[in-house]
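Below, all heavy atoms of this structure are taken into account, side chains as well, without hydrogens, waters or symmetry copies. Just follow the structure's listing: the first ligand is 1, and inside any ligand the first atom is 1.
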Amino acid sequence: GELGPEQNGLIIAHYGQQVDVEPLDQPGPAQRCHLRANLGSLVTGDKIIWREGKPTGVVVATSERSSELSRPDSHGNLRPVAANIDYIVIVLALHPEPHANLINRYLVAAEAVNIEPLILLNKVDLLDEAGRQQMDDLLKIYPQIGYKILEASTKSQDGLSALKSTLKDRTSVFVGQSGVGKSSLINALLPGVDIKVGELSQARNKGTHTTTTAKLFHFPEGGDLIDSPGIREFGLWHMSREQVADGFVEFRPYLNNCKFRDCKHEGEPGCSLQAAIAEGKISPERIASYASIANSLEQL
Ligand code: GDP
């Protein structure tokens, strides 16, 4: 069939050998496209060149990704699942109770893919004085080492407009434990999109192949969200000990100064991280969390 002229597009969903492409040069509906041969694997969030056609258009060229999220396939090979992401929003809440190791693990995983993490404390409506104190104690280190913390409640709507302006004109993914309120947040930010609250995404998607794809949504205020069950599990798969150490951003200036080149930073003599702790430059809790995460990886 006839094909239209080449134009810029954005992949908003991915189905096997086909993708849904939205025009970027002017507003217009998305169109199902197939891929010209040899384009490699394309994922949601990719910016591409395409041509309209009937019944399907065609993607003719790809462009470089500013970032990508990958996850291991069934053979353990990393496969990209989403591209051009600006923020990994790490959602947590008083319930289910967050642990520093888990927060640190998400941060390390974000650092490993070079995407800026934002920490989002949801369900602030639940915070009484003791809960507030508990969250403050848990989170106070993060602004000190350069991370932004946002707060929100999908129940009281607190913080939602600040969240919207932070996410404006950027592409984000929401990650975090089941039950922290990711679906509720997405529903609050995306009118018209109805993600069931309080259900495991996997269960909802069982047997319906196409819904497990990563999908890109537009916030009415500007900015995009990419979501899929796989993306929500980001951060919980394998990393190397070096990636873990490097993902503790305040360790970086010290990592190559240890006496022993293979220093594991677990109390060996001449470890420059230990010296940094002694000087108050690194918190003992963060080094303990590093050791715990690194050692848990080695047992996998
Ligand atoms: P997800 O598993 O991360 O997607 O979490 P859900 O969005 O399914 O929410 C889990 C539970 O937390 C549900 O019962 C929600 O109603 C509840 N929830 C979500 N956001 C808030 C909030 O801001 N405040 C309170 N009190 N509960 C919330």
Backbone of Ala162 reached by a side-chain donor or acceptor of Thr166 within 3.5 Å |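 Judged by distance alone, yes, a pair lies under 3.5 Å.
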Donor-acceptor contact below 3.5 Å, side chain Asn114 vs main chain Ala110 =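 No; judged by distance alone, with no hydrogens or angles, the pair does not exist.
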Ligand 1 versus Val91, non-hydrogen atoms closer than 4.0 Å: side chain, backbone, both, neither?
->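 Neither; nothing of Val91 gets under 4.0 Å from ligand 1.
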Just heavy atoms, cut-off under 4.0 Å: does Asp125 contact ligand 1 by side chain, backbone, both, or neither?
->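 Side chain only.
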Does ligand 1 have an atom that lies less than 4.0 angstrom from a heavy atom of Gln177?
-> yes
Nitrogen or oxygen atoms of Val124 and ligand 1 under 3.5 Å apart |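 Min N/O separation from ligand 1 is not below 3.5 Å for Val124.
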Return a yes/no value for Gly179: is any of its N or O atoms, backbone included, closer than 3.5 angstrom to an N or O of ligand 1?
-> yes
Between [X] and [Y]: side-chain donor-acceptor atoms closer than 3.5 Å:
| X | Y | result |
| --- | --- | --- |
| Arg261 | Asn256 | no |
| Ser153 | Asp125 | yes |
| Asn104 | Tyr142 | yes |

Would you tell me which option among Thr154, Asp227, Leu127, Leu185 has the nearest heavy-atom contact to atom 23 (O) of ligand 1?
->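 Minimum heavy-atom distance to atom 23 (O) of ligand 1 goes to Thr154.
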Between Lys123, Gln157, Lys155, flag the one that comes closest to atom 28 (C) of ligand 1 by a heavy atom.
-> Lys123
Atom indices of ligand 1, in the order listed, that fall short of 4.0 Å to a heavy atom of [X]:
| X | value |
| --- | --- |
| Lys182 | 1 (P), 3 (O), 4 (O), 5 (O), 7 (O) |
| Gly181 | 1 (P), 3 (O), 5 (O), 6 (P), 7 (O), 9 (O), 19 (C) |
| Leu126 | 26 (N) |
| Ser184 | 6 (P), 7 (O), 9 (O), 15 (C), 19 (C), 20 (N) |
| Ser153 | 23 (O) |
| Arg232 | 4 (O) |
| Ser178 | 2 (O) |

Can you list every pair that meets salt bridge (charged side-chain N to carboxylate O under 4.0 Å, His left out) and has a residue in residues 113-122, with sequence neighbours left out?
->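 For residues 113-122: Glu116-Lys148.
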What residues, two or more places apart in sequence or in another chain, satisfy side chain to side chain donor-acceptor pair (under 3.5 Å) together with His218?
->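 Counting only residues at least two positions away or on another chain, His218 forms a side chain to side chain donor-acceptor pair (under 3.5 Å) with Glu22, Asp224.
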Does NZ in Lys164 sit with more than 12 non-hydrogen atoms of other residues, nucleotides or ligands closer than 6.0 Å?
-> yes
Between Phe219 and Arg170, is there a cation-pi geometry (under 6.0 Å to ring centre, at most 45° from the normal)?
->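 Negative - Arg170 is either too far from the ring of Phe219 or too far off its axis.
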